[in-house]
Amino acid sequence: MIDYKNELNPAQYDAATTLEGPMLVIAGAGSGKTRTLVYRLANMIEQGVSPHEILLLTFTRKASQEMLQRAAELLGQSVGNITGGTFHAFAYSVLRQNPPAEYEGSLSIMDSADANGALKYCKDTLAIGKGDKSFPKIQTVMGMLSKSRNKEMDLHDILRREAFHLAAYRDDIANIGSEYEQYKAQHGLLDYDDLLFKLEQLLTVNKEVREYYQQRFKYIMVDEYQDTNLVQARIVRLLAGGHGNVMAVGDDAQSIYAFRGANVQNILDFPKLFAGCKMVKLEENYRSIQPILDLTNSILAEAPQAFQKNLFSNKKDGRKPEVLIPLSDLTQAKMVVDKIGKLRKKYKNKEIAVLFRAGYQSYHVEMQLNKLGLKFRKYGGLKYSDAAHVKDVMSYVRLLMNPLDLPAFHRLTANIKGVGPKTSIRIYEATQAEDPNKLKKALVRYPELREDLDLVDSLRRQRLEPVELLEEVLAHYKPKLKTIYPDDYPRREHGLEQLVQIASGYSDIELFLSDLSLEDPTQRQEEEEQDLITLSTIHSAKGLEWDAVLIIDLVEDRFPSRHAVQKADEFEEERRLMYVACTRARKYLGLFVPSSLYARGTGGNEPAIPSPFVRDIPGSLYEEWRENYSGTVTQTARPTSTPPHRTPQKNGAKAPAPSTSGAATSSVSGGKLGHCTHKIFGRGKIIQHLPPDKYRVNFPGFGLKVIMEAYLVMED
DNA sequence: CTGTTTACGATTTTT
DNA sequence: TCGTAAACAG
C-alpha cells in the first residue's frame with residue numbers, strides 16, 4: 001500500500017486523491033507536479049480504475065511515458081494500457097480508428113517541410129508574387145496562416161496585429177491559403193493544425209464516436225495546460241463532457257507557446273468551463289535551493305500574473321547564482337566549457353545543462369565541447385526526421401500508405417536525374433489519370449522511376465513488418481545514397497541504420513510513421529543510459545531539471561529575441577521563458593552575459609547590451625564574475641548593500657562592458673543616463689551613449705533604437 | 001526544363 | 001555560417 005498522506009504534502013495529497021469531478025492544479029515550477037500526477041495515477045489503479053479508462057495528455061510523449069513508468073515503479077506492477085501522449089498523437093490515433101470518409105485509404109501527416117513545400121507549390125500554381133521581391137517569404141506566409149488558424153482569428157486581424165507591413169498582401173495570402181486547403185484535401189494530407197481541428201470536427205459531428213470516447217475515458221488528465229490552444233481546450237471539453245472527471249495541470253507563469261497559438265486564458269477559464277471545479281495550488285518548491293528561487297521570484301515579480309504564486313524551499317543554504325561576463329560571445333564558449341569542467345567535479349555530466357534561446361546559439365559551445373572530447377546531447381533545433389535521407393526513405397513508405405501523397409512523390413522523383421518539379425507533377429498526374437501512354441513514356445525515359453514505382457507497388461502488395469519494409473526500401477535506396485549525397489554519405493548511412501533500429505520497436509507501420517513526425521522517437525533511444533551533458537533550447541527543456549544550469553547569450557537581441565521586443569505580450573513571454581530556464585536549476589545557476597557579439601557583417605565585435613532580464617535582477621541576489629583581457633576571471637567587487645530595486649542603470653557593475661574594438665562607446669556606469677522622449681517613439685530608457693551624438697534607447701513597444709541626440713528630449 | 005553557380009540574406013521557439 | 005533564391009548555361 002502506498003502511504004499517500006506521508007509521501008505527499010497536503011496540497012499534493014488533495015490533488016492525488018480527489019478523483020471525481022473537475023480540478024485545476026496550479027503547479028509552480030518544481031512543486032512536485034509530476035510526482036502528484038504519478039501518485040494520482042497509482043491511486044486510480046489502486047482504486048480499481050481500469051487503465052483502459054484513463055487518458056493522459058502531455059506535452060511530449062516522453063513526459064507521459066516517464067509518468068507511467070514511475071507510477072508502475074510505485075505500484076510495483078505495470079500500470080497497463082493507459083492512453084498517453086500528445087494531443088496531436090492522440091488526435092491521429094482517433095482519426096485513424098474512425099477515419100472520416102474523405103480520408104479513408106489515404107491519410108498522411110505533413111511535417112513542416114512538407115507543409116512549406118505545399119504552400120510554395122500553391123503560390124507558384126496561382127502565380128502569385130512572381131518577381132515581387134518584397135513578397136513575404138513562404139515561411140512568413142505559413143506563419144501568418146497558421147497563427148490565424150491557431151488563434152482562430154481572421155487573417156486580416158493577424159496581419160494587422162503582427163505584420164502591419166504585409167497588409168497589402170492580405171488577399172494574396174488568403175488565396176494561397178485556400179489553395180493550400182484544397183491541395184491538402186486532394187492529396188489526403190493533414191498538417192499539424194488539421195489533426196486537432198479534424199478531431200474536434202469528428203467528435204462534434206459524430207455522436208457515436210463522441211459518446212464512445214466520453215464513456216471510455218472516465219478520467220482525463222491534461223498536463224501543461226497553460227500551453228494549450230483554443231481547439232485543444234474544446235477537445236478536452238468534448239471528451240470530458242459527460243462526466244467532468246478532468247484534471248488540468250499547469251502554471252500560467254510558464255506559458256511559453258503563445259507564438260504557436262497557445263492561450264494562457266485557457267487555464268484561467270478552466271474553472272468557468274467546468275462548473276464545480278476544485279482548485280489546488282502547489283507552492284512549495286522541492287527542486288531548487290532558496291538562493292536560486294530568490295532570483296527566479298525576482299524575475300517573476302515584474303510580470304503580471306493571474307494566479308499569485310510564492311515559491312519557497314526549505315533548502316535554505318547554497319551558493320547564490322552567478323552572473324558571468326565573458327568579453328565576447330566567442331570567449332563565452334570557452335568560459336562555459338571551463339565552468340562545465342569545474343562543475344564536473346561535483347556533478348555528473350547528465351546533471352549539467354546549457355540552455356539557450358535559439359538552436360544556433362549553442363554552436364560555439366558545441367565546438368569547444370568537441371575539442372575537449374566532452375560528449376553532449378542537443379535538444380531542440382533540427383529534428384532527426386528532418387534529415388533529408390530519412391525523409392527520402394520515408395517517402396517510399398508514405399507513398400505506399402497513401403498513393404495520393406504528393407509531397408512524398410516529389411521527394412521520390414527529386415532524386416531521379418533529369419526530373420525536376422515540373423516533370424514530377426506531370427508524372428504524378430499521369431499515374432492518377434491512369435493514362436497508360438504518358439506514364440509509359442515517362443517510365444521508358446526514366447528507368448529509375450520505374451524501379452521506384454515498382455518497389456512501392458510490390459511493397460503495397462506484401463504485408464510487412466516495419467523493419468522488413470525498411471530493409472527492402474534501404475536495399476533499394478542505399479546504393480543511391482552515394483550519388484545523392486557524395487560528401488557525407490557514410491554519416492547518413494549510419495543514420496539510416498538507426499532508423500531501422502527505431503522501426504524494430506514498432507509493429508504498426510502507421511504508428512511508426514506518425515511517431516516519426518509527431519514525436520521524436522530518437523529521444524527515447526539514448527535515454528539517460530549514457531552520461532551526457534545536455535544542450536537544449538529552453539522550449540525543449542520544459543519540464544526537465546538539472547543540478548547545474550548554464551544559460552548563455554543573455555543580451556539584447558538574443559534573449560529576449562530581437563523579434564520579441566516589439567510587442568508587450570511577446571516581451572512578457574520572453575520573460576516567462578527566462579523564468580522557465582532559471583527554474584530548471586537545482587543547485588547551481590550560471591547566467592552568461594557576453595560583453596560583445598561577433599558581428600557577421602563587419603567581421604568585428606559589437607558591444608552587447610545585457611538582457612533586461614539580468615539587468616533587472618537586484619544585485620544582492622547573485623555574484624558576478626568578469627573575464628579579463630588576459631583570459632582570467634575575477635569576481636566583481638560590489639556594494640554590500642542591496643541596490644534599490646529596478647534601477648539597474650545605477651548599478652555600475654551591470655553596465656555594458658567596454659567595447660573590445662576601442663573607445664567607440666562610453667560606459668553607462670556613470671549612472672547619468674536616464675530617460676528621454678522621442679517624437680514618434682515616446683518615452684524610453686537610454687541604454688547607451690554612442691559618441692559623439694547618438695544614443696541607444698529602449699522604447700517600450702518599439703524596442704531598441706539608435707537615435708541622434710538632436711531628435712531626443714532628455715530628462716534629467 | 002533541369003542542373004549548376006553565384007549571390008545574397010538572414011537567422012525563434014515546436015507539434 | 002548556412003541555406004535558399006535568383007541567374008545562367010546546357
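Convention: sequence-line order gives letters A, B, ...; per-chain numbering from 1.
Put simply, CD on A/Gln226 is 20 Å from P on B/dT13, counting in whole angstrom units. Following rounding to the nearest Å, A/Ile109 (CD1) and B/dT14 (C1') show an atom-to-atom distance of 15 Å. A/Glu574 places its CD atom 8 Å from the C1' atom of B/dT13, with the value rounded to the nearest Å. Rounded to whole angstrom, the span from the NZ atom of A/Lys198 across to the P atom of B/dT15 amounts to 23 Å. Rounding to whole angstrom units, CG of residue A/Asp227 and P of B/dT15 are separated by 12 Å. Distance OH (A/Tyr192) to P (B/dT13): 15 Å, rounded to an integer number of Å. The interatomic distance linking A/Phe87 (CZ) with B/dT15 (C1') rounds to 12 Å, in whole Å. Atom CG in A/Asn415 sits roughly 14 Å away from atom C1' in B/dG3 (whole-Å rounding).
Residue-nucleotide stacking is present for A/Phe259 and B/dT13, judged by a side-chain ring centre under 5.5 Å from the six-membered base ring centre and planes under 30° apart.
For the C1' atom pair drawn from B/dT12 and C/dA5, the interatomic distance equals 22 Å after rounding to whole Å.
For A/Tyr363, the side-chain atoms get nearest to C/dT1 when compared with the rest of C/dT1, B/dC1, B/dT15. Side-chain proximity of A/Arg357 to B/dG3, B/dC1, B/dT13: nearest is B/dT13. Checking B/dT4, B/dA10, B/dT13 against the side-chain heavy atoms of A/Lys137 singles out B/dA10 as nearest. Ranking B/dT13, B/dT14, B/dT2 by closeness to the A/Ala358 side chain, first place goes to B/dT13. With distances taken from any side-chain atom of A/Lys417 to the nucleotides B/dT2, B/dT4, B/dT14, the minimum falls on B/dT4.
Taking A/Arg575 as the reference, A/Glu572 meet the salt bridge (Lys or Arg N to Asp or Glu O under 4.0 Å) condition, with sequence neighbours excluded.
For A/Ser112 and B/dT14, the shortest distance from a side-chain N or O to OP1 or OP2 is not below 4.0 Å. OP1 or OP2 of B/dC1 lies within a sub-4.0 Å distance of a side-chain N or O belonging to A/Arg426.
Ring planes of A/Phe270 and A/Tyr225: perpendicular class, angle over 60° (limits at 30 and 60°). Ring orientation note: the planes of A/Phe571 and A/Phe613 are tilted relative to one another, at an angle of 30° to 60°.
Taking the centre and axis of the six-membered ring of A/Tyr257, the NZ or CZ atom of A/Arg260 falls inside the cone set by 45° and 6.0 Å.
Residue A/Tyr257 is classed as a sugar-phosphate contact, given heavy-atom separations below 4.0 Å to backbone atoms only. Nucleic acid contact class of A/Arg576 (heavy atoms, under 4.0 Å, all strands): none.
Partner of A/Asp223 under the salt bridge (Lys or Arg N to Asp or Glu O under 4.0 Å) criterion, out of A/Lys33, A/Lys542, A/Lys62, A/Arg61: A/Lys33 alone. When each of A/Leu327, A/Leu330, A/Val555 is checked for a side-chain contact (heavy atoms from CB on, under 4.5 Å) with A/Pro594, only A/Val555 meets the rule.
The residue among A/Thr423 and A/Leu577 whose nearest nucleotide of DNA chain B is located toward the 5' end is A/Thr423. DNA chain B is contacted by both A/Thr60 and A/Pro421; A/Pro421 maps to the nucleotide lying nearer its 5′ end (nearest heavy atom per residue).
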